[in-house]
Structure formats: structure tokens, C-alpha cells
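A quick write-up on the structure given underneath.
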Protein chains: 2
Amino acid sequence: MRFSTRGHYGLKAMFDLAQHYGTAPVPLKSVAERQNLSVQYLEQLIAMLKKAGLVKSVRGAQGGYMLAYSPEEIKVGEVIRALEGPVAPVDCVNEFDPKECDQADFCITRIVWEKIRNSIAQVMDSITLADLCREAKRKKKLEKS
Amino acid sequence: MRFSTRGHYGLKAMFDLAQHYGTAPVPLKSVAERQNLSVQYLEQLIAMLKKAGLVKSVRGAQGGYMLAYSPEEIKVGEVIRALEGPVAPVDCVNEFDPKECDQADFCITRIVWEKIRNSIAQVMDSITLADLCREAKRKKKLEKS
DNA sequence: CAATACCCTAGTAACATGCTATGATATCGT
DNA sequence: ACGATATCATAGCATGTTACTAGGGTATTG
């Protein structure tokens with residue numbers, strides 16, 4: 001069981017934008033360099049994030065991307081869902097539109113997948129981009145000392 | 001992000017075997033009928049479970065499969081790992097052999113995936129097949145009343 | 001000896017992934 | 001005005017995985 005690189009890379013990019021929140025728009029090229037990702041691929045991911053309303057863009061020279069809200073207001077779960085779709089370890093417990101099979105009523109194993117789904121969602125929704133920035137700061141401080 | 005049908009179907013099958021624990025070996029055909037799965041596909045899944053030491057088999061007529069241990073001793077996590085491999089939402093936080101990238105030291109988003117991994121593992125490892133059997137019993141009782 | 005059932009391997013259609021390529025459009029600085 | 005910088009949009013594509021099916025073989029029972 002794996003998430004795709006979309007969620008993986010996309011979260012990296014959003015974290016990068018969060019660290020530049022409040023400054024000038026950040027061009028994807030610089031995000032790609034810092035996070036060691038392909039610009040072209042990142043463009044596709046950020047398009048999804050824009051569609052989801054999580055980032056804003058400024059076109060043209062000196063342009064780039066920025067978070068649509070403050071890092072404090074953006075949960076990791078929103079980012080990952082925008083890129084990976086709803087949390088659904090198996091189809092019949094999709095968090096938004098479960099494709100329930102005819103056995104749904106008496107399928108006991110279902111409760112396992114529901115619990116897994118809920119615990120994933122709980123983690124994703126309890127961490128904000130600001131939390132990650134704080135963590136980065138803390139780590140930097142530790143290195144210095 | 002999804003688990004494959006291997007974990008999904010395999011857990012169903014193991015639950016089925018758990019419900020017949022202590023009786024004669026259960027032929028796959030009957031498991032497949034009850035759980036609405038293809039016999040041929042199930043054979044492949046159960047082969048993996050056997051390799052992992054979770055089930056025993058009896059060949060020939062009147063043969064079939066049975067749990068290698070009591071349902072109380074078999075965690076859902078063991079079943080799922082046998083079929084899906086180690087819990088690893090992204091490769092760099094694989095629970096057994098993480099393919100750490102060169103950024104591992106300063107990659108902050110990593111902690112998100114670690115937390116997700118841990119919460120999945122925690123759920124899987126805190127439920128036994130016996131728990132599922134008890135749940136099934138409870139549900140059956142509720143239906144009657 | 002035939003019925004039952006486990007065991008093993010190979011093949012394969014369909015789909016998802018993780019990109020790259022190409023080109024268009026908008027904006028800024030000079 | 002123009003060229004550099006960026007975003008924006010779509011298409012293509014190699015590779016791998018999934019979810020099976022097919023077609024055997026082997027062991028055991030009655």
C-alpha cells in the first residue's frame with residue numbers, strides 16, 4: 001500500500017511555499033531545485049492544487065505561486081486529498097462516496113478498513129503546513145547548537 | 001491511496017477461516033462462495049499466507065485450509081503485511097527497509113508520512129481475527145433481537 | 001480409480017504511474 | 001516594442017502493477 005508521488009512531491013512543494021509565505025510569489029523552478037523535483041511534473045501537480053483553491057498564481061516574469069491561505073489554515077489532509085483523491089484504503093470505505101458491495105451489511109472486515117481510513121484521515125487533518133514550518137525551525141536551531 | 005484487493009480479499013478469507021477454527025479443514029471453494037471471490041485468485045492469495053506461516057493446508061479430498069494459530073494470536077497486520085508487503089505510504093518511510101533519499105536529514109514532510117505509517121500499523125496490529133469473530137457474533141445477536 | 005482439493009506457473013488485458021514534450025499565453029523590465 | 005521569465009494546457013508514452021484466467025500437476029480419500 002502506497003501513496004503516489006503526487007502526494008509526496010506535492011506536499012513538499014506546499015511546504016516550500018509555506019516557508020515563503022508572505023513574500024513575493026515563488027517560481028516553480030526554484031521550488032523544483034530546492035526540493036529536487038522536475039519542473040514539468042511539478043507544474044501538473046500545482047495545477048491540481050490550484051484547482052482545489054489551495055494556491056494562487058501570478059503569471060509572467062517575477063511571477064510564481066503562493067499559498068491561497070496562511071500555513072496555519074492549510075491542513076496536510078487538504079493537500080494530499082487534492083492530489084490523491086479521497087482517503088479510501090479499499091473502495092467500499094471511500095470517505096466520500098463508498099462503493100458499497102452487496103455484502104456491506106454483514107461484511108465484518110469492513111470495520112478494519114474503516115478504522116485504517118479514519119486513522120489516516122485523523123493524522124492528515126491534525127497537521128497544518130504551519131506545524132511543518134515550526135518543525136523545520138526547531139530542527140535548524142538544534143543543528144546550530 | 002489504496003490497498004490492493006489482495007489485502008482486501010485475503011483478510012476476508014482469513015476471517016472466514018477464523019470462523020471455522022477448530023473444525024475440519026475448510027476447502028477454498030466454500031470460502032470463495034461465502035465471500036464471493038474467485039477460487040483461482042484466492043488460491044494465489046492463500047499461497048502467500050501459507051508462505052508467511054499463517055495457514056496450514058491438508059491436501060486431497062476432505063482437505064482444505066485452516067489457521068496455523070488460534071484467531072486470538074493472529075493480528076490483522078500480519079495478514080495484510082503478508083499480502084501487501086510492509087506498510088510504506090511512501091518509499092522513504094517503509095517500515096522495514098526505508099529507501100532514504102539524500103534529503104532524508106532535512107526533509108520535514110517525512111514526519112507526516114511517518115505518522116501516517118505508524119497510525120496504520122497501530123490499527124492493524126491492535127486487531128486480531130478473534131476480535132473480528134466477536135464482532136460478527138455481536139452483530140448476529142443484534143439482528144435477532 | 002475417480003473424485004476432491006491443494007499446488008504451481010505462465011500469460012494477459014486493462015489501468016495507473018511518472019514522467020517528457022510541445023506550444024501557447026501573460027507579465028515585467030528595459 | 002521586445003525578449004526574458006513564468007504560468008497554463010494538452011498530448012504522448014514507457015514502465016509497472018493489478019486482478020485476474022488458463023492449464024496443468026500432485027496428494028488424499030472412499
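Per chain, numbering begins at 1; letters A, B, ... match sequence-line order. Note that this is a predicted model, so its numbers are computed, not measured.
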Looking at [X], does any N or O in its side chain come under 4.0 Å of the phosphate oxygens OP1/OP2 on [N]?
X: S38(A); N: dG18(C); answer: no
X: K50(B); N: dC6(C); answer: no
X: S57(A); N: dA6(D); answer: no

Residue pair E84(A), S4(A): steps toward the side-chain hydrogen bond (donor to acceptor under 3.5 Å, both in side chains) verdict: CA-CA 7 Å; E84(A) 303 262 348; S4(A) 72; 2.9 Å; yes
By nearest atom, which of the nucleotides [options] is closest to the [X] side chain?
X: Q62(A); options: dC20(D), dG29(C), dC19(C); result: dG29(C)
X: S4(B); options: dA6(D), dC6(C), dA19(D); result: dA19(D)
X: R59(B); options: dC8(C), dC19(C), dT28(D); result: dT28(D)
X: Q44(B); options: dA22(D), dC6(C), dA3(C); result: dA22(D)

[X] [atom1] to [N] [atom2]: how many Å, rounded?
X: E43(B); N: dA5(C); atom1: CD; atom2: C1'; value: 8 Å
X: L83(A); N: dG18(C); atom1: CG; atom2: P; value: 12 Å
X: L17(B); N: dA5(C); atom1: CG; atom2: C1'; value: 14 Å
X: L45(A); N: dG18(C); atom1: CG; atom2: P; value: 10 Å
X: L28(A); N: dA26(C); atom1: CG; atom2: P; value: 19 Å
X: K51(B); N: dT9(C); atom1: NZ; atom2: P; value: 8 Å
X: Y9(A); N: dC19(C); atom1: OH; atom2: C1'; value: 9 Å
X: R2(B); N: dT17(C); atom1: CZ; atom2: C1'; value: 13 Å

Do any N or O atoms of the protein come closer than 3.5 Å to N or O atoms of nucleotides 13-15 of chain D, and which pairs are they?
none

NA contact type, [X], heavy-atom cut-off 4.0 Å: base, sugar-phosphate, or nothing?
X: Q40(A); answer: base
X: I46(A); answer: nothing
X: K29(A); answer: nothing
X: K56(A); answer: nothing

Which sits closer to the 5' end of DNA chain C, Y41(A) or G60(A), going by the nucleotide each is nearest to? Y41(A)
For DNA chain C, whose closest nucleotide is more 5', that of R6(A) or that of V39(A)? R6(A)
[X] side chain near [Y] side chain, heavy-atom distance below 4.5 Å:
X: C92(B); Y: H8(A); value: yes
X: R81(B); Y: M124(B); value: yes
X: V58(A); Y: M66(A); value: yes
X: V55(A); Y: Y69(A); value: no

Among the clusters formed by ILVMFWY side chains lying less than 4.5 Å apart, do L49(A) and Y21(A) turn up in the same one? yes
According to a hydrophobic-cluster definition based on side-chain heavy atoms being under 4.5 Å apart (Ile, Leu, Val, Met, Phe, Trp, Tyr only), do L11(B) and I111(A) belong together? yes
L67(A) and side-chain contact (heavy atoms from CB on, under 4.5 Å): which single residue from K56(A), M14(A), E73(A) fits? M14(A)
Under a 4.0 Å N-O cut-off, is there an ion pair linking E135(A) with R110(B)? no
Give a yes-or-no answer on whether the side chains of T5(B) and Y41(B) include a donor-acceptor pair shorter than 3.5 Å. yes
With R2(A), which residues qualify under side chain to side chain donor-acceptor pair (under 3.5 Å), at least two apart? none
Residues of residues 63-71 of chain A with any non-hydrogen atom less than 4.0 angstrom from an atom of DNA chain D: list those, numerically ordered, please. G64(A), Y65(A)
